[in-house]
Amino acid sequence: NFGAGDPDKTQDMTAFVGGLDALRLKFSTTVLVVHHSGKDAAKGARNSSVLRAAVDVEIRAEREEKAQRVKLINTKQKDGEEFRDMWLTLDPVEVTDPRTGEVTTSLVVRGDSADDKPVPMAKPGGRMEAWVLSVLAQRETLTLSEIIGRDPQVDKSNVKRALRGLLEKGLVKRGEGSPQTFWKADQYQQDERETDPN
C-alpha cells in the first residue's frame, strides 16, 4: 500500500502519514496500519521512525507456532497507560458451505484466559515505601512536598528513594506536570497491616 515511495525516507513516510491523517479526518474514523518488524523484532518496526512517532497506539504481535497462540504487546500508548500483554489462541474450525457442501478450514481467534493469569502484585519494599503508600492512600494526588509535609521528621532523600522504588514496581504513578504529582496505582490493593509502618 505504500506505493512508489521509499519507506526508509523521512519525506516519503511523512507523506504516507499525511494520507492516513486525511482519511482519518475525512471519515472521522480510526486507521489501523499493519506493518512488519525488521529482522530483529526487539528493535521494533522497520523503515522510517516517522510512522511510530505519528501513531497513538502501537501493538506488536508475536506468534508461537507450536502453541497456535499470538501474544499482543502494547509497545506505545500515547494517552494513557500501556495495557498488559494479552494472549490470543487460534482455534481451527470447519465451515460447510450449505449450497455446495464444501468444507473449509479456518481459524477463530479467542482470548486465552487460561494463560492470561494476573501478574503477582508487587509489594512495598521496607517501612519507608509502605509509609509513602499509606500517605498516598489518603489523597488522590500529592506532590513530593505534600508527602514530606505529612511528617516533618521524615528525610527527603528517603522519600525520594521510596518513590523511585514504588514507581519501578508500578505501585505508584507520576504526573508529567510541574510540580510533579504522585498517586497510588489503581490496581494496587492492600490491607491496613501491609501499609502500617508500625
Side-chain angles (χ1 to χ4, degrees), residues 1-98 102-119 121 140-141 167-178 180-188:
N1 292 327
F2 200 83
D6 184 346
D8 288 324
K9 291 185 177 177
T10 299
Q11 61 268 31
D12 289 356
M13 186 62 82
T14 300
F16 176 73
V17 169
L20 298 179
D21 281 336
L23 287 172
R24 182 175 57 82
L25 296 171
K26 172 73 175 176
F27 298 104
S28 298
T29 188
T30 296
V31 177
L32 172 66
V33 177
V34 179
H35 195 38
H36 296 280
S37 62
K39 291 182 180 179
D40 184 356
K43 292 182 179 178
R46 54 204 264 191
N47 307 124
S48 171
S49 60
V50 168
L51 181 61
R52 185 177 194 277
V55 300
D56 294 324
V57 181
E58 182 184 63
I59 301 170
R60 185 170 80 240
E62 295 180 354
R63 183 167 180 171
E64 273 190 354
E65 296 295 340
K66 293 181 181 178
Q68 286 291 302
R69 298 193 312 173
V70 174
K71 184 179 184 180
L72 300 182
I73 304 161
N74 187 187
T75 52
K76 178 183 176 182
Q77 189 78 31
K78 186 175 179 182
D79 297 315
E81 292 183 42
E82 294 177 358
F83 61 75
R84 192 159 51 92
D85 294 353
M86 296 189 299
W87 288 98
L88 303 177
T89 296
L90 308 175
D91 290 335
V93 294
E94 289 187 347
V95 181
T96 304
D97 188 325
E102 181 183 2
V103 177
T104 305
T105 302
S106 185
L107 293 173
V108 173
V109 180
R110 68 173 174 80
D112 192 345
S113 58
D115 284 294
D116 193 20
K117 297 182 177 68
V119 176
M121 193 55 66
E140 288 186 7
T141 61
L167 286 165
E168 288 173 3
K169 293 172 186 170
L171 300 178
V172 166
K173 302 296 180 187
R174 174 175 52 198
E176 297 297 328
S178 180
Q180 283 189 330
T181 54
F182 302 87
W183 61 93
K184 189 165 67 76
D186 293 338
Q187 72 270 28
Y188 182 71

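By convention here, the first residue in the shown sequence is residue 1.
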Exercise. So, does H35 use its side chain to make a donor-acceptor pair with the main chain of R46 at under 3.5 Å?
Worked result: yes

For this session: Would you give the length of the straight line joining atom CG of L20 to atom CG of L32, rounded to the nearest 0.5 angstrom?
Result: 10.5 Å

Problem set entry | Separation of R60 CZ from D85 CG (nearest 0.5 Å) | 8.5 Å

Exercise. Atom CG in N74, atom CD in E58: separation rounded to 0.5 Å?
Worked result: 9.0 Å

Problem set entry | Minimal non-hydrogen separation, T89 against D91, with atom names | CG2-OD1, 3.3 Å

Exercise. Side chains of E62 and I73: does their closest heavy-atom pair fall under 4.5 Å?
Worked result: yes

Seminar exercise, completed: Heavy atoms of F83 and M86 approach each other most closely as CE1-CE, 3.9 Å

Problem set entry | Verdict with reasoning, S48 to T10, per side chain to side chain contact (heavy atoms under 4.5 Å, CB included) | CA-CA 6 Å; S48 171; T10 299; 4.2 Å; yes

For this session: Measure the CH2-CG distance between W87 and L72 for me, rounded to the nearest 0.5 Å.
Result: 9.5 Å

Problem set entry | Reported CG-to-NZ distance for the pair D56 and K78, which is rounded to 0.5 angstrom | 5.0 Å

Exercise. Of the non-hydrogen atoms in D12 and D6, which two are nearest, and what is the gap between them?
Worked result: OD2-N, 2.7 Å

Seminar exercise, completed: dist Q77:CD -> E81:CD (nearest 0.5 Å) comes out at 9.5 Å

Exercise. At their closest point, which heavy atom of A54 faces which heavy atom of V17, and how far apart are they?
Worked result: CB-CG1, 3.6 Å

For this session: Grab the two heavy atoms, one from L88 and one from G111, that are nearest each other, plus how far apart they are.
Result: CD2-CA, 4.1 Å

For this session: For the pair E82 and K76, find out whether any cationic side-chain nitrogen is under 4.0 Å from an anionic carboxylate oxygen.
Result: no

Exercise. Are R174 and L167 close enough, and set up right, to give a side chain to side chain contact (heavy atoms under 4.5 Å, CB included), and what steps lead you there?
Worked result: CA-CA 8 Å; R174 174 175 52 198; L167 286 165; 3.4 Å; yes

Exercise. Where do V50 and M13 come nearest, in terms of heavy atoms and distance?
Worked result: CB-CG, 3.7 Å

